[in-house]
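Here the structure comes first, spelled out in structure tokens, and everything after it is commentary.
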Amino acid sequence: MKFTTAIALLVSAVEAHYTFPSIGNSQDWQYVRTTANFQSNGPVTNVNSPDIRCYQRDAGRGAPGTYNVTAGGTVAYNAKASISHPGPMAFYIAKVPAGETAASWDGSGKVWSKIYQDMPRIAGGMTWPSQGARSVSVTIPKCLQDGEYLLRAEHIGLHSAGSVGGAQIYISCAQISVSGGSGTYSPKNLVSFPGAYPASSPGLVINIYYPVPTSYTPPGPAAETC
């Protein structure tokens with residue numbers, strides 16, 4: 001009986017968590033690097049861990065393919081099974097340097113710029129645009145330079161974020177190749193992972209239930225625009 005209860009609790013925990021294994025209509029892990037939680041669905045909770053970058057299962061091993069996208073177009077990042085926790089969704093992008101490919105580059109250094117950030121609606125409680133979603137779309141800036149990039153999806157579950165380390169961060173990095181951009185993109189705030197988020201950031205340490213916050217400040221820089 002105790003064994004059956006333990007198994008049920010484990011299954012429930014896994015089902016409550018999620019991954020971001022695909023973009024567009026592609027197969028899981030075809031263009032997205034396989035994450036360490038591809039089976040457990042568990043989150044990253046330590047913002048100082050290298051896992052906070054792409055949560056990769058196999059360091060130095062990229063996804064099999066690189067997804068072609070036109071600058072100014074949208075990319076749908078798919079959740080499995082759905083984004084079941086309350087909290088913010090963000091996307092970051094980093095240009096692959098010369099001599100590397102999207103499949104080989106590790107994304108290290110102050111190279112990431114935020115291109116999307118959602119915010120809650122606060123009215124007697126906090127509701128989030130991404131909660132319950134199976135897919136979230138992001139517009140690829142039309143001013144990007146042509147070339148290969150890593151596109152990082154990040155959702156922060158705030159349901160247990162009342163103390164440091166309580167926020168649950170779900171991450172994936174997709175490999176994309178951008179064409180048709182104007183090449184004028186000049187981000188003001190490049191960050192590194194780890195390094196972008198202090199563990200005590202107000203956007204990571206917050207009780208979203210009581211008393212209901214009157215505002216929310218997400219961790220990291222503001223989203224960049226063309």
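Quick caveat: nothing in here was measured; it's all calculated off a predicted structure.
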Please find the pair of heavy atoms, one from [X] and one from [Y], that lie closest to each other, and give the distance.
| X | Y | result |
| --- | --- | --- |
| S135 | A76 | OG-CB, 3.5 Å |
| I52 | R152 | O-NH2, 2.7 Å |
| A71 | P141 | CB-O, 3.6 Å |
| S192 | P194 | OG-O, 3.0 Å |
| Q117 | P88 | NE2-CB, 3.5 Å |
| A174 | V32 | CB-CG2, 3.9 Å |

Rounded at 0.5 Å granularity, tell me how far [atom1] in [X] sits from [atom2] in [Y].
| X | Y | atom1 | atom2 | value |
| --- | --- | --- | --- | --- |
| C226 | I115 | SG | CD1 | 9.5 Å |
| Q168 | I156 | CD | CD1 | 11.5 Å |
| L158 | M126 | CG | CE | 7.5 Å |
| Y197 | E154 | OH | CD | 3.0 Å |
| Q145 | Y185 | CD | OH | 11.0 Å |
| L150 | I93 | CG | CD1 | 9.0 Å |

Does [X] belong to the same Ile/Leu/Val/Met/Phe/Trp/Tyr cluster as [Y], with side-chain heavy atoms less than 4.5 Å apart forming each link?
| X | Y | answer |
| --- | --- | --- |
| Y67 | W29 | yes |
| Y77 | I83 | yes |
| Y31 | V136 | yes |
| I171 | L151 | no |
| I23 | F20 | yes |

Do any pairs count as a salt bridge (charged side-chain N to carboxylate O under 4.0 Å, His left out) and have a residue in residues 47-68, sequence neighbours left out, and if so which ones?
->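 Checked against salt bridge (charged side-chain N to carboxylate O under 4.0 Å, His left out) - neighbours excluded - the pairs reaching residues 47-68 are D58-R61.
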
So, [X] side chain and [Y] main chain: donor-acceptor pair closer than 3.5 Å or not?
| X | Y | answer |
| --- | --- | --- |
| Y92 | V191 | no |
| Q131 | W128 | no |
| N78 | G24 | yes |
| R33 | S172 | no |
| T66 | Q175 | no |

What pairs with A94 under side-chain contact (heavy atoms from CB on, under 4.5 Å), at least two apart in sequence or on another chain?
->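 Applying side-chain contact (heavy atoms from CB on, under 4.5 Å) to A94 gives W105, V111, W112.
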
Residues that K80 engages under side chain to side chain donor-acceptor pair (under 3.5 Å), provided they are two or more places apart |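 Expected list: D28.
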
Return the set of residues passing side chain to side chain donor-acceptor pair (under 3.5 Å) with S104 (not counting sequence neighbours), or none when no residue passes.
->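 S104: side chain to side chain donor-acceptor pair (under 3.5 Å) contacts with E100, T101.
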
Sequence neighbours excluded - ring pair (Phe, Tyr, Trp, His ring centres under 6.0 Å) pairs with any residue from residues 139-179 =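 Every pair satisfying ring pair (Phe, Tyr, Trp, His ring centres under 6.0 Å) with a residue in residues 139-179: H17-Y170, Y18-H155, Y18-Y170, H85-H159.
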
According to the side-chain hydrogen bond (donor to acceptor under 3.5 Å, both in side chains) rule, which pairs have a member within residues 202-226, sequence neighbours left out?
->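 Found none.
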
Please determine, by modelled atom types, if D146 and S179 share a side-chain donor-acceptor pair under 3.5 angstrom.
->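 No donor-acceptor contact under 3.5 Å links the two side chains.
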
